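What follows is a single structure, written as structure tokens, with notes after it.
Convention: sequence-line order gives letters A, B, ...; per-chain numbering from 1. Every value quoted in this text rests on a predicted model; they were computed, and no experiment measured them.
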Number of protein chains: 2
Amino acid sequence: MQKLDGVEDLRVRRTRKLLQQALIEGTVDKGFAALTVRDITSRAMVNRSTFYRHYHDKYDLLEQHINAIYEVLEEEGGIIGEGRHEGLIELFKHIQQFPDFYGVVLGAQADAFLSPSFRQQTRQRFLAYFQQTFSEATSDPETPPLDLKFTTVASAGCGALAWWLEQERPSTPEQFAHWMQQIISDILVSTRLRQDSEP
Amino acid sequence: MQKLDGVEDLRVRRTRKLLQQALIEGTVDKGFAALTVRDITSRAMVNRSTFYRHYHDKYDLLEQHINAIYEVLEEEGGIIGEGRHEGLIELFKHIQQFPDFYGVVLGAQADAFLSPSFRQQTRQRFLAYFQQTFSEATSDPETPPLDLKFTTVASAGCGALAWWLEQERPSTPEQFAHWMQQIISDILVSTRLRQDSEP
DNA sequence: TCTCCCATGTTGCATAGGCAACACATTCCG
DNA sequence: CGGAATGTGTTGCCTATGCAACATGGGAGA
């Protein structure tokens, strides 16, 4: 099935791309819940049997698509790279590259089903990021568990991203990154302060 | 190669569609002249050898794409149908369905090469249309050859369409059809008048 | 309840298309 | 000038995908 020695067959990459596109487009106009495998394959101009050679069902397709997008993000060094501010800007630029995808996964019209799975994944990514950047500052044994903070911040981040995507005329990634940075700092600082001022 | 009994293989239709899309997109950002077959196939995620199984070269691809679009137009009854005014409106609605295509073929950024071939095809279509609608009115032996009139009108039509497509906020097909109708009538009437008043 | 309908999965066989390699022409650059 | 690089066409073999036909299951309506 897979060529072990490196690049996959062009047909495989193309088929996957068409199915992933069709998934997003279909979700935009029918909603993820109402989408059938037939809808997806006919929109993608791919035979239904071929769908099952690649994915188990539409949930699998969604998950793999999310992973694929994250791979792009990581190849761009979006989250892990350089300074934190630059990292956020890269992240938001990346998001602007896939407006439909993030609109579906994060936006207002997102099905209730979608958000949790995405948020969970995002949390893990943010986690890796913040562990790098903030590990020294939060090494105090009295602070709340990192995990809790990350969950909070990740949720806040997702909410903010949704807001950003819903604007009809979104501000630049730079501007938005600046705001996010401030908000996140506020959260982290306030938890530390509360922590410091309590017994 | 072709299934004689009706519908083509899904792979065939998909491949052609991807190549045609890539042709338009590629023309938009490199120009038709600078486009290579490699550009087209890599953008379409289709192997170059497959390209040659379907088309002789990029000119062939363009021509077949134009024909395909015309087939859509005719299936919609765009030109041939009903009253002349309604026919024009259908035509313009059709054009709005393929903005990129018509933008390339007619718009300001169209390569000098493209317009003539398209204009020629368009002329033939307009010809069929006007032969139906205006044949009685122009049966006078003193009038200039139909062919000449059609060429003139088709050129005028193409120019007007280019204008329409270049507007950032195009008026509705109905509004535009109304203007076109008036302009075309003016042309036809003025030639008849000049014809009538000369010996 | 019992159908009818539609979506999901799965399979065997036929084929369009990918890949690699080729010859040839062209442009470009030292 | 000569050679490296790039684009065009073409070919033979291998494989991913299309197609048709199944079985299954769930939901809607008589």
Side-chain angles (χ1 to χ4, degrees), chain A residues 1-65 68 111 113-114 117, chain B residues 1-65 68 111 113-114 117:
Chain A
M1 198 84 158
Q2 315 244 11
K3 279 195 176 178
L4 300 174
D5 56 61
V7 185
E8 271 178 329
D9 190 295
L10 176 57
R11 286 170 290 189
V12 172
R13 286 183 289 133
R14 184 185 57 209
T15 296
R16 294 198 138 109
K17 183 182 173 188
L18 290 172
L19 287 172
Q20 292 172 353
Q21 269 182 206
L23 170 71
I24 299 304
E25 293 176 12
T27 302
V28 165
D29 68 54
K30 292 193 61 169
F32 183 80
L35 253 202
T36 71
V37 173
R38 297 182 102 90
D39 291 333
I40 299 171
T41 55
S42 75
R43 189 187 288 263
M45 298 185 77
V46 166
N47 193 279
R48 203 164 53 84
S49 70
T50 304
F51 178 95
Y52 292 109
R53 290 199 180 96
H54 291 274
Y55 307 102
H56 186 255
D57 51 29
K58 65 178 178 178
Y59 305 96
D60 185 30
L61 168 59
L62 172 64
E63 191 181 318
Q64 291 197 34
H65 183 35
D111 294 83
F113 165 81
L114 289 185
S117 83
Chain B
M1 195 83 160
Q2 315 244 11
K3 280 194 176 180
L4 300 175
D5 55 63
V7 185
E8 272 178 329
D9 190 295
L10 176 57
R11 287 170 289 190
V12 172
R13 285 183 289 135
R14 184 184 58 211
T15 296
R16 295 197 136 110
K17 182 183 173 187
L18 290 172
L19 288 172
Q20 291 172 354
Q21 271 183 204
L23 169 72
I24 298 303
E25 293 175 13
T27 302
V28 165
D29 67 53
K30 292 193 62 170
F32 183 80
L35 253 201
T36 72
V37 173
R38 296 182 102 89
D39 291 333
I40 298 170
T41 55
S42 75
R43 188 188 288 263
M45 298 184 75
V46 166
N47 193 279
R48 202 164 55 83
S49 69
T50 304
F51 178 94
Y52 292 109
R53 290 200 180 96
H54 292 275
Y55 306 102
H56 185 255
D57 52 28
K58 64 178 178 178
Y59 305 96
D60 185 29
L61 168 59
L62 172 64
E63 190 180 319
Q64 291 196 33
H65 184 34
D111 294 83
F113 166 81
L114 288 186
S117 83

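Where B:Asp39 and A:Phe51 meet DNA chain D, the nucleotide closest to each residue was compared, and B:Asp39 sits on the side nearer the 5' end. Both A:Arg14 and B:His56 lie near DNA chain D, and the one whose nearest nucleotide falls closer to the 5' end is B:His56. Projected onto DNA chain C by closest heavy-atom contact, A:Thr36 and B:Met45 fall at different nucleotides, the more 5' of which corresponds to A:Thr36.
An OP1 or OP2 oxygen of D:dT10 is reached within less than 4.0 angstrom by no side-chain nitrogen or oxygen of B:Tyr52. In this model, the phosphate group of C:dG17 is approached by a side-chain N or O of B:Thr15 to a distance below 4.0 Å at OP1 or OP2. Taking only side-chain nitrogens and oxygens, A:His54 never comes nearer than 4.0 Å to OP1 or OP2 of D:dA16. Contact between the side-chain N/O atoms of A:Asn47 and the OP1/OP2 oxygens of D:dC19 is found at a separation under 4.0 Å.
The distance between atom CZ of B:Arg48 and atom C1' of C:dC22, rounded to the nearest whole Å, is 11 Å. Between the CG atom of A:Leu61 and the C1' atom of C:dT8 there is a distance of 15 Å, rounded to whole Å. Rounded to whole Å, the distance from CZ on A:Arg13 to C1' on D:dT17 is 16 Å. If you measure from atom CG of A:Leu18 to atom P of D:dA16, you get 17 Å, rounded to the nearest angstrom. As rounded to whole Å, 10 Å separates atom P of D:dT8 from atom CG of B:Asp57. Separating the CG atom of B:Asp60 from the P atom of D:dT8 is a distance of 14 Å, rounded to the nearest angstrom. Distance B:Leu10 CG to D:dA16 P: 18 Å, rounded to the nearest Å. In this structure, the CD atom of B:Glu8 is 15 Å from the C1' atom of D:dC19, given to the nearest Å.
Taking CG of A:Asp9 as the start and CZ of A:Arg11 as the end, the distance is 4.5 Å to the nearest 0.5 Å.
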- Task: Could you go through the side-chain contact (heavy atoms from CB on, under 4.5 Å) check for A:Leu18 and A:Arg43 one step at a time?
- Result: CA-CA 9 Å; A:Leu18 290 172; A:Arg43 189 187 288 263; over 6 Å; no
- Item | Worked verdict on A:Thr41 versus A:Thr50 for side-chain contact (heavy atoms from CB on, under 4.5 Å) | CA-CA 9 Å; A:Thr41 55; A:Thr50 304; over 6 Å; no
- Message: Is there a side-chain contact (heavy atoms from CB on, under 4.5 Å) between A:Tyr52 and A:Asp57? Walk through the geometry before answering.
- Response: CA-CA 7 Å; A:Tyr52 292 109; A:Asp57 51 29; 5.8 Å; no
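Between the side chain of A:Arg14 and the main chain of B:Met45, a donor-acceptor pair closer than 3.5 Å is present.
A cation-pi contact, defined as under 6.0 Å to the ring centre and within 45° of the axis, links B:Arg16 to B:Tyr55.
For D:dG18, the base has a donor-acceptor partner in the side chain of A:Arg53 [N/O atoms by modelled type, under 3.5 angstrom]. B:Arg11 contributes a side-chain N or O that forms a donor-acceptor pair with the base of C:dT15 under 3.5 Å.
Looking at the side chain of B:Arg38, the nearest of the listed nucleotides D:dA16, D:dG7, C:dA7 is D:dG7.
Two end axes, each from the C1' atoms of five base pairs, can be drawn for the helix from C:dT1-D:dA30 to C:dG30-D:dC1; they diverge by 40°, to 10 degrees.
Note on A:Ser49: a base of the nucleic acid sits closer than 4.0 angstrom, heavy atoms only.
For the pair A:Ile24 and A:His65, the minimum side-chain heavy-atom distance is below 4.5 Å. For the pair A:Thr15 and A:Phe51, the minimum side-chain heavy-atom distance is 4.5 Å or more.
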